[in-house]
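Structure first, commentary second.
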Protein chains: 2
Amino acid sequence: MTARQGHSHQSVQKELLRRIHSGEWLPGARIPGEVDLAEEFGCARTTVNRALRQMAETGIVERKRRSGTHVALTPIRKATLQIPIIRQEVEERGGVYRHMLVSNRREQAPSSIRARLGLSGPAEMLHLQTVHLSDNRPHMFEDRWVNFSASPDILEAPLEDISPNEWLVRHVPYSRGDISFSACSASGDVAEALEIAIGSPLFLVERTTWMNTTPITTLKMFYPEGFRFSTTL
Amino acid sequence: MTARQGHSHQSVQKELLRRIHSGEWLPGARIPGEVDLAEEFGCARTTVNRALRQMAETGIVERKRRSGTHVALTPIRKATLQIPIIRQEVEERGGVYRHMLVSNRREQAPSSIRARLGLSGPAEMLHLQTVHLSDNRPHMFEDRWVNFSASPDILEAPLEDISPNEWLVRHVPYSRGDISFSACSASGDVAEALEIAIGSPLFLVERTTWMNTTPITTLKMFYPEGFRFSTTL
DNA sequence: CAGTGGTCTAGACCACTCG
DNA sequence: GAGTGGTCTAGACCACTGA
């Protein structure tokens with residue numbers, strides 16, 4: 001059967017967005033059911049469904065069975081952030097990337113680190129400190145602990161040539177991660193590595209990753225003032 | 001025709017993820033085509049397509065026509081952030097919310113603000129400064145400019161009772177927004193509002209929103225040290 | 001130019017949930 | 001119990017792009 005195309009899911013979404021943005025459908029208002037919309041637009045219900053599903057994923061509408069689809073009271077609540085490899089991050093900003101491994105030691109993980117990873121008993125881990133440079137100026141300082149029992153290969157990795165960040169991303173998959181953003185002031189170590197004054201404000205990203213329930217690595221990334229993490233809503 | 005169900009798109013995705021996480025399919029490796037996978041799983045191609053499309057949206061795989069689907073070299077590169085109403089943010093963290101309107105004036109917007117909004121000529125705007133409190137302690141300081149020609153109603157809004165943040169979210173839709181995160185140190189004004197020392201590190205969120213090409217509002221939100229913005233990968 | 005993903009259709013059944 | 005979204009199927013055509 002020749003399926004003559006009425007509307008694409010994108011054109012449907014565009015029209016639905018127009019009605020929301022124009023105020024025709026106010027926040028909280030109920031949107032007609034998929035069957036009605038499909039009839040109105042002259043397309044299959046599947047097409048309407050996809051348009052509405054995408055709008056629900058970005059938080060523009062809320063959907064529940066039986067009660068239908070409503071315009072969200074707080075339109076657009078989700079932004080997606082890119083989590084790049086640091087080298088790419090530097091190069092995308094037009095800099096020449098280089099890294100320096102400041103520390104590379106096996107140590108007993110302190111309790112704060114074990115807590116982040118969800119480990120109860122003592123554990124020997126790889127403690128790596130790296131300065132990431134852009135055009136030979138400090139871009140970011142990374143303080144990382146690696147649970148090498150989950151990825152023994154890292155003990156033989158050429159971390160002078162490839163940063164721990166990049167080596168892990170390329171060799172150790174993970175299934176789950178936490179990430180958080182905050183601000184802090186520079187302690188002595190970090191200030192020295194970044195060549196800034198002690199107490200300077202820093203943008204701090206903390207990330208921990210697991211493969212299933214096995215912790216892989218946890219790290220803090222310290223960015224000096226001026227660095228921005230941007231995205232679009 | 002009774003469509004007997006083979007696999008759901010979720011079960012397909014789960015199995016594909018397993019193969020990636022187990023190392024069976026390494027980063028960069030090519031994944032079989034949709035037709036082959038559909039045959040293997042005994043389901044429709046549509047089902048495989050949806051599973052792979054979702055995995056592409058989260059950055060786990062990369063898809064191109066003709067060349068097929070490949071495991072991403074940098075697995076998982078996107079995180080979604082919730083952009084809440086501040087009152088909800090405070091209440092979700094267990095605090096009692098209150099806000100104080102520190103400033104509410106019509107002013108000529110300085111050039112820095114006009115630049116953020118993409119306006120060339122002079123423009124009179126509403127300049128609002130709000131302290132958001134959690135359990136009567138400062139939670140965040142907001143410095144906002146509103147292009148009231150795009151939403152004249154705000155001039156009559158009871159901003160003492162409902163914060164500018166919440167009033168705008170509930171009454172003025174937007175189609176596009178920028179958001180960025182960084183760190184800075186507290187200036188005198190902000191330090192006073194947040195009851196912290198001048199120079200303290202702050203977590204700074206900047207957001208600008210438009211309706212189509214009309215600028216709506218731009219603001220900076222200053223969070224004291226200790227505040228974290230978290231999400232899951 | 002041929003292979004791969006991208007998408008639409010029409011129809012069906014299922015699952016949740018509100019009244 | 002009935003209405004609404006959630007999803008699967010089988011088939012078709014289209015669009016991009018790399019060999």
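Just so we're on the same page: letters track the sequence lines, and every chain starts at 1.
With hydrogens and angles ignored, no donor-acceptor pair under 3.5 angstrom links the side chain of B:R45 to the base of D:dA10. A donor N or O paired with an acceptor N or O is found under 3.5 Å between the base of C:dA2 and the side-chain atoms of B:R66. Evaluation of atom-type donor-acceptor distances gives no pair under 3.5 Å for the side chain of A:R30 against the base of D:dT4.
Comparing C:dC16, C:dT9, C:dC8 by their closest approach to the side chain of A:S8 singles out C:dC8.
Distance, B:N49 CG to D:dT9 P: 12 Å, rounded to whole Å. A:L52 has its CG atom 13 Å from the P atom of C:dC8, to the nearest Å. Summarising the geometry, the separation between CD on A:Q54 and P on C:dG6 is reported as 12 Å, rounded to the nearest angstrom. A straight line from NE2 of B:H9 to C1' of D:dT7 spans 7 Å, rounded to a whole angstrom. In this structure, A:Q10 places its CD atom 13 Å from C1' of D:dA15, rounding to the nearest Å. Separating the NE2 atom of B:H70 from the P atom of D:dT17 is a distance of 14 Å, rounded to the nearest angstrom. In this structure, B:L16 places its CG atom 15 Å from C1' of C:dG5, rounding to the nearest Å. Look at CZ on B:R53: it is 13 Å from P on C:dG5, rounded to the nearest Å.
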- Item | ring-ring contact (aromatic ring centres under 6.0 Å, His included) between A:Y223 and A:H139, worked out | CA-CA 7 Å; A:Y223 290 92; A:H139 172 72; 5.6 Å; yes

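Contact check, A:H7 against C:dC8: no side-chain N or O comes under 4.0 Å of OP1 or OP2. Distances shown here put a side-chain N or O of A:R50 below 4.0 Å from the OP1 or OP2 atom of C:dT7. The shortest distance between the side-chain N/O atoms of A:R63 and the OP1/OP2 oxygens of D:dG6 is below 4.0 Å. The phosphate of C:dG5 has OP1 or OP2 within less than 4.0 Å of a side-chain N or O from B:T69. Using a 4.0 Å cut-off, no side-chain N or O of A:S67 falls inside it from OP1 or OP2 of D:dG5.
Although no hydrogens or angles enter the test, the distance criterion places no donor-acceptor pair under 3.5 Å between the side chain of A:S151 and the main chain of A:D153. Judged purely by atom type and a 3.5 angstrom limit, B:S22 uses its side chain to pair as donor or acceptor with the backbone of B:R18. The backbone N or O of A:V90 sits nowhere less than 3.5 Å from a side-chain atom of A:S134 that would complete a donor-acceptor pair.
Partners of B:F148 according to the ring pair (Phe, Tyr, Trp, His ring centres under 6.0 Å) rule, which considers only residues two or more places apart in sequence or in another chain, do not exist here.
Identified under the salt bridge (charged side-chain N to carboxylate O under 4.0 Å, His left out) test for residues 37-49 of chain A, with sequence neighbours left out: A:R19-A:E40, A:E34-A:R45.
A salt bridge does not link B:E89 to B:R93: none of the charged side-chain nitrogens sits closer than 4.0 Å to a carboxylate oxygen.
Map A:K64 and A:T46 each onto its nearest nucleotide of DNA chain D; the residue landing nearer the 5' end is A:K64.
Residues A:P32 and A:L37 share a closest heavy-atom pair of O-CD1, 3.5 Å.
Axis deviation across the helix from C:dC1-D:dG18 to C:dC18-D:dG1 amounts to 20°, comparing end segments of five pairs, rounded to 10 degrees.
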